Each structure stands twice: as structure tokens, then as C-alpha cells.
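Written below as C-alpha cells is the structure these notes are about.
Everything numeric in this text was worked out from a predicted model, so none of it was measured. For the single chain, residues carry numbers from 1 onward in sequence order.
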Amino acid sequence: MKQVLRLLLQRLGLAVLSLLLVSVVVFTITAVLPGDAAEELLGQDATPETLAALRAQMGLDQPLATRYLHWLGGLATGDPGRSLVSDAPVMELIGNRLPNSLLLAAVTASIGVPLALLLGTLAAVFRGSWLDRLLNSGAVAMVSVPEFLIATIAVLVLSVQLGWLPALSYASDIDSFSGALRVFVMPVLTLCCVIVAQMMRMTRAALADQLDAPYIEMARLKGVPPLRLVLGHAMPNAIGPIANAVALSTSYLLGGVIVIETIFYYPGVAKLMVDGVSQRDIPLVQTCTMIFCAGYLLLVMIADMIGILANPRLRHAR
């Protein structure tokens, strides 16, 4: 137990250090973007004096290091500042959109994760067969196609040609089961095409390695039934890599939905961040980016700990 706790504290310390380094990179990159919120608000006809006055009012005239420390301190206390465009608290703007993004991610994960694990397990059990080749070919094809193309094709076919679904997804329309279907079918379908393919291939690889291990061959010679052989012997030892596959794929839902939310005009945090970039609303963009990074690191750390707890040999790894 002490060993597991020590490993957990090590992972947590690395995650905090990673977030700190990410905050430096994010703040630096957003600070050197061409233009700023003052220019965006006043337009091209603004005089230099007016721009200077508005920049001083927004605090954009302060040194970069001073602005970073002020922003980092506010971020650590849950107050990353106010929007430079709407003057509303950044956390309030994000809080209005975050439930929508989490709902989209939850619906996608609840469908995509079980489907990917099932297909990956089937491909590993029947590896070398026509089913394995079919699933692998489909997964490679899905991974090779960018999500914006899948989303565009879905809009053209399901919305424009067939007229079954609306081209835009509004979270306010979720007032019934049929309304939820109309909102989520195309975004979830597009996201599942990406994460299911990635997760299925990693699940197949992790489980196939275990099924080729000597202890599986010994269990097979002892007459262990195939289902018990896979679920009772191979699967527990493959939980670590599979958990990492799930974490890496679902972490895409936190930051990689930018294209999906933009195409379908879904009111989530990613769409809010895209609007913030176009308006040069730097505090909003920085905070959204840090939320995505924190979610990614949290999922990876959870997957790492699941792998350690599932495999006793990893508890003693240095």
C-alpha cells in the first residue's frame, strides 16, 4: 500500500510539473499572437492613443512576466481573470459551456469505449482470420480519414441529401429522447469513428501479446474454456495497456472536439475557445487550453494507476 501511495504521489507531482510547464508554453504562445483584444474591439481605424489607453485599461501594457505571474496566481485560486471582450468572469463563461462538452464526451465514451473493447477483443481472439483483417482494414481507413471530412460527409448525407437530421446541434434542443438523438447523432458518430478505430487497434495489440504468452498456452493445454481463457487470464494482464488506450482515446474528446463543435456549431468549451481565438480574448483561450491539458493529464494518470493496481509486478517498478 505504501508503494502504491508513493507511486501515486510521484505521478501527481509529475502532472503538476507538466501543467506548470504547459502554462508557460501556453501563455508565451498566446502572448506573441499577432494583434490583441484592443485592436479587435476598436478596429483598424483606431488611433494609437486610443489603442494605448485601452491596452493600459486591460493590463496589456504590463511586462510579460508580470502578466504571467498574475494569471498563474489567479488560475491557481480559481480566478483566471475576466474576458477582455465581454468583461465577464472567464470561469463563468466556461462554466456555462463545460457541461455541454462533458455531456458530448460522456455520450461518445459510453458508446465508443464498449464498442472498441468488443471489436478489439474479437480481433485479438480471431487474429489472422477474415474478421481480424476486416476490422483492421476498417480501423486503418477510419484513422486515415480526418474528422472534419467525416463530419462534412455526415452533414452532406444525413442532413442535406436525406434530411433526417439538422446540420447544426444545439444543446438547448435536448428536451426529449428524439431531440437528444437529433443533437448527438452526427457529432457522436464522427467522434466515434476516430476513437473507436484507435482504441480497437491498441486493445487488439495489448490482448494479442497476452494471448501469445506461455502461461496462456499452458492454460489452453489444461483445457481452460476459451471465454475464461480470454476474460479470466489474458484480460487482467492486459488491463494496463488497455486502460492507457482508453485514456489516450477519451482524452481526445476533451481537446480534439474543436473541429466537431465548430462544424456542428455545438455550444461547448472548444467552440468557446475558437471564438476566443478569433476575438483575441487571451485569458479565455489560455484557461480553456489549461482545462484541456489538465483533463488529459488526469486521464493518463488514472490509466497509469489502474495499470499499476492491476499488475502487481508494476508496483515494484522503479
Return all side-chain donor-acceptor pairs below 3.5 angstrom for residues 101-110, not counting sequence neighbours, or 'none' if the list is empty.
from : atom 1 : to   : atom 2 : distance (Å)
S101 : OG     : E261 : OE2    : 3.0
S101 : OG     : V269 : N      : 2.7
T108 : OG1    : L104 : O      : 2.8
S110 : OG     : A106 : O      : 3.1
S110 : OG     : V107 : O      : 2.8

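- Judged by distance alone, with hydrogens and angles left aside, the side-chain atoms of S159 form no donor-acceptor pair with the main-chain N or O of L156 at under 3.5 Å.
- The minimum heavy-atom distance between L211 and A124, with the atom names listed, is CD1-O, 3.8 Å.
- With sequence neighbours excluded, no residue satisfies side chain to side chain donor-acceptor pair (under 3.5 Å) with T262.
- Of all non-hydrogen atoms in M290 and V26, the two that sit nearest each other are SD-CG2, 4.4 Å.
- A side-chain hydrogen bond (donor to acceptor under 3.5 Å, both in side chains) check over residues 195-205, counting only residues at least two apart or in different chains, returns the pairs D132-R204.
- Not counting sequence neighbours, the partners of R127 by the salt bridge (Lys or Arg N to Asp or Glu O under 4.0 Å) test are D212.
- With sequence neighbours excluded, no residue forms a salt bridge (Lys or Arg N to Asp or Glu O under 4.0 Å) with D79.
- Remark: V185 engages L165, L181 in a side-chain contact (heavy atoms from CB on, under 4.5 Å) (not counting sequence neighbours).
- Listed by first then second residue, pairs satisfying salt bridge (charged side-chain N to carboxylate O under 4.0 Å, His left out) with a partner in residues 13-29 number zero, not counting sequence neighbours.
- Partners of L131 under the side-chain contact (heavy atoms from CB on, under 4.5 Å) rule, at least two apart in sequence or in another chain, are L122, F126, S129, L135.
- Taking the six-membered ring where tryptophan is involved, the planes of F27 and Y68 are perpendicular, since the angle between them exceeds 60° and thus also 30°.
- Every residue meeting the salt bridge (Lys or Arg N to Asp or Glu O under 4.0 Å) condition with D275, not counting sequence neighbours, appears here in chain and number order: K271.
- Remark: L12 engages M301 in a side-chain contact (heavy atoms from CB on, under 4.5 Å) (not counting sequence neighbours).
- With sequence neighbours left out, the salt bridge (Lys or Arg N to Asp or Glu O under 4.0 Å) criterion links R220 to E217.
- Counting only residues at least two apart or in different chains, salt bridge (charged side-chain N to carboxylate O under 4.0 Å, His left out) contacts with residues 17-27 are absent.
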